[in-house]
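Residue numbers start from 1 in every chain, and the chains themselves are labelled A, B, ... in the order their sequence lines are given, proteins ahead of strands.
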Amino acid sequence: MDISRLIDPLNEPQREAVCTDSQHTLVLAGAGSGKTRVLTHRIVYLIETGQASSFGVLAVTFTNKAAKEMRSRIDTLMEQPPRGMWVGTFHSLAHRLLKTHYKEANLPEQFQVLDSDDQLRMVKRIIKDLNLDDTKWPPKSAQWFINGKKDEGKRFKHIPASNDFHEQGLLKVYEQYELICQQTGVVDFGELLLRAHELWLNNPKVLEHYQDRFRHILVDEYQDINSIQYAWLRVLCGEKAHLMVVGDDDQSIYGWRGAKVENILRYSEDFKNVATIKLEQNYRSSGHILKAANAVIGNNSGRLGKELWTDDEDGKQIRLYAAYNEHDEARFIAEDMEGLLESYNEMAILYRSNAQSRVMEEHLIRLSIPYRIYGGHRFYDRLEIKNAMCYLRMLLNRHDDTAMERIINLPVRGIGNKSIDTMRIFARDQNISFWQAASQIVEHKILPSRACNAIESFITLINDIDSQTGDLNLTDVTDLVIKQSNLIAHHQKEKGEKGRTRVENLKELVSAAASFNNESDNSDLSEFVSQASLDAGDNQADTHEQAVSLMTLHSAKGLEFDRVYLVGLEEQLFPHKMSMDDPDGLQEERRLCYVGITRARKHLCLSYAESRSLYGSSQFNASSRFIREIPNEHIQEIRLKSQITRPVMYTETPKEIMNDSGFQLGQDVNHPVFGKGVILSCEGIGSNARVEVKFAKSTKWLMLQFAKLEAL
DNA sequence: CCGGGTAACATTTTT
DNA sequence: TGTTACCCGG
């Protein structure tokens, strides 16, 4: 077998990693050093040299996207697509295991996955049922508590009773929550991992089977692994498996949700015979950018220590723009992009928090620059989609209370809150499911006849749909559901753009079902519903359209662009005020900055605003310490064009700077419609001259030739 | 059932 | 400041 095509394109450390004989391997892969390449080549290498069969390979990632990417890259490397190989996220693998061994895991065959939305509803209800004050125990934080515990691998029974009154409440919620999940046969994300781990521990035979099978286990993004994922992996590996983990301690940015960098730092202690390989040659960014990244991350302590280098030239210096407010910042970027011939697809604006995107949008729209915001709600999280999915869930399992509660009066069929309350209490007292409660209430006419009729119509509806689905395929079932349930009609009645998009989304769901049917050759409804909760539902519908990408630094991890604008580099914002006082928090912020810088291939532009209005009030923050951590020789400061002034609060008397608008920054003006305002900025010449004015209720850009502005 | 008014809220996010 | 969730009145 000729493996030169696998080996030849690699550099020395990459090759070492791909060909290692070591049982355990830690690959420290810096940003842009080719880690996915190492992982995929390694897998194909193992198979083609006969060291592993494809059945014996397990590769774990964090996101579905990464799993998909890995799969397709392996497929292109291999002469024939490998069979029986497991590639997936921790969650999807756990789900698969639990589906197969549902009995051993003490789950119903048709158990469903509870997404965070459903989870929150459930927690809310429990808090209410327990008569807990939801101001003292906000559902969100109870949810956070539960998930945190599960990420640590702790069930209610593992947690010692607490003296703290507040924690006692949380524990009660947790206890009740576990109970209800078990009763209704639903499993949340953390539970998937927890159960999968317990499956190993409680069923030695099952464990043994998988230990025998998976002799080669590979894990991507190892720095992001949490306690329960680690535990699961540790048990599966046992003594025999070969474990290769790939990660970068400098890119650990999910500590706040349970990821433990310690796992990567401790790897050589936890496993024996570890070969450590560092990938430090970077193939992505030019010199200045890389050196800046090294300098910044160099301020962190406790690193495993890597220093990226490149064969590439220094390239362009990093530009630094000092804006005087967030509008100036956004305007500068939009104008900077406007004249470029590069493709918009190769540009990104990265920010620390989502709230920053709006101003950017405004200015991009103004210059008609197409953009796409990442990290919105996932397709399957949209209201109308969730509703439709709940109908599907009801077909699978009538006792899915969460689903039923959501759709029993949707579209409206005259079952009011009072009736639902009665049903809920009835169900709880009798210890039966919502569905059973509904049937009995109808049967014994416990509610007024109008309500009973309505409830009965719901029961009939579900049964009717169910009886029609007999030999239909998945696509047709979905289509049937959205029509028969009247969801389409319901949203069609909604006026405005909203209703239209909702109807479109519902139709999109039918095509999603169709493609699930085709791609995975699977028409199992249950699988489809599970996949929906485990999959983000690919947000990137129109990737082909040219557009600038806007996203948070977190969601930028793993991506790269020719031209990156890293904005809002101000103390309090980045590093964020919630994290900066804690040393670990600050280090994580710095890693985030490192991630941001290393996203850029050729151009990086940093910016900060001297004044930023956030949540109503203006803040005057110092520029971020991260800027100062970059040596000067890599930075080129950009000064403003002559007609625009620097800082100066608008409330103060502005400097004597005139521009083509004839107005001064900070000047008070009056507008016939909007009333009194203050000039924030001016731009354009002659008939294009326009000013930005802050009025009492809004801030607007006005064309001077049209707006009848009066100086005060 | 809708719509308006208003109080509370506002890192980061995948599964 | 802008959004959103929730409450009350019509």
Side-chain angles (χ1 to χ4, degrees), chain A residues 60-67 88-95 113-120 124 134-135 138-140 144 147 150-151 187-194 196 221 224-226 228-229 252-259 326 350-359 361-362 374-378 380-381 409-417 490 493-495 530-537 539 551-558 568 572-580 582 585 588-589 591-593 595-596 612-619 694-699:
Chain A
V60 197
T61 62
F62 273 85
T63 64
N64 290 300
K65 204 173 138 206
T89 64
F90 278 101
H91 296 267
S92 69
L93 296 172
H95 181 256
V113 179
L114 200 68
D115 66 27
S116 42
D117 208 61
D118 294 331
Q119 188 186 35
L120 185 61
K124 261 186 194 156
D134 64 358
T135 55
K140 270 257 191 324
W144 185 260
N147 290 336
K150 289 198 177 189
D151 282 348
V187 164
D188 63 45
F189 293 128
E191 185 74 22
L192 283 168
L193 304 170
L194 203 47
E221 306 275 18
D224 284 338
I225 223 158
N226 68 26
I228 187 68
Q229 288 161 338
S252 158
I253 56 175
Y254 287 110
W256 52 274
R257 66 174 199 215
E326 73 277 12
L350 308 182
Y351 35 79
R352 174 67 238 262
S353 65
N354 286 311
Q356 291 166 258
S357 68
R358 179 199 309 256
V359 193
E361 281 186 81
E362 282 174 25
Y374 283 78
H377 356 230
R378 319 179 314 165
Y380 290 109
D381 274 352
N409 198 30
L410 213 142
V412 192
R413 52 175 72 82
I415 305 175
N417 276 331
H490 175 248
K493 270 184 258 162
E494 261 180 341
K495 44 190 176 232
S530 301
Q531 180 260 4
S533 29
L534 288 172
D535 193 338
N539 249 345
M551 66 187 91
T552 62
L553 287 156
H554 282 91
S555 21
K557 195 171 79 157
Q572 311 289 325
L573 188 62
F574 190 32
H576 197 276
K577 58 171 180 290
M578 304 290 273
S579 315
M580 58 192 292
D582 163 48
E588 186 154 309
E589 295 284 310
R591 291 194 290 265
L592 199 50
C593 183
V595 167
R612 179 177 298 273
S613 53
L614 201 58
Y615 309 143
S617 56
S618 283
Q619 299 175 355
K694 181 187 165 68
F695 294 105
K697 297 197 75 173
S698 62
T699 301

**Item:** Nucleotide B/dT12, atom P - distance to CG of A/Leu573 in whole Å
**Value:** 10 Å
**Request:** Choose from B/dT15, B/dT11, B/dT13 the nucleotide whose nearest atom is closest to any side-chain atom of A/Ser353.
**Result:** B/dT11
**Message:** Using atom C1' in both nucleotides, what's the gap between B/dT12 and C/dA5 to the nearest angstrom?
**Reply:** 23 Å
**Message:** Check the phosphate of B/dT11 against A/Ser579, side-chain N and O only, distance under 4.0 Å to OP1 or OP2. Yes or no?
**Reply:** no
**Request:** Specify the separation, in whole Å, of atom OH of A/Tyr615 and atom P of B/dA8.
**Result:** 18 Å
**Prompt:** Do NZ/NE/NH1/NH2 and the carboxylate oxygens of A/Lys557 and A/Asp224 come within less than 4.0 Å?
**Reply:** yes
**Asked** Looking at the angle O4'-C1'-N9-C4 for a purine or O4'-C1'-N1-C2 for a pyrimidine, is B/dT11 syn or anti, with syn meaning within 90° of 0?
**Response** syn
**Message:** Can you tell me which nucleotide in B/dT15, B/dT12, B/dT11 comes closest to the side chain of A/His554?
**Reply:** B/dT12
**Asked** Is A/Arg257 positioned over the aromatic face of A/Tyr254, cation under 6.0 angstrom from the ring centre and no more than 45 degrees off axis?
**Response** yes
**Fill in**
Regarding the side chain of A/His576, the nearest nucleotide among B/dT12, B/dT11, B/dT15 is B/dT11
**Prompt:** Does A/Asn354 make a side-chain N or O approach to OP1 or OP2 of B/dA10 shorter than 4.0 Å?
**Reply:** no
**Request:** Compare side-chain N and O positions of A/Asn64 against OP1 and OP2 of B/dT15 and report whether any pair is under 4.0 Å apart.
**Result:** yes
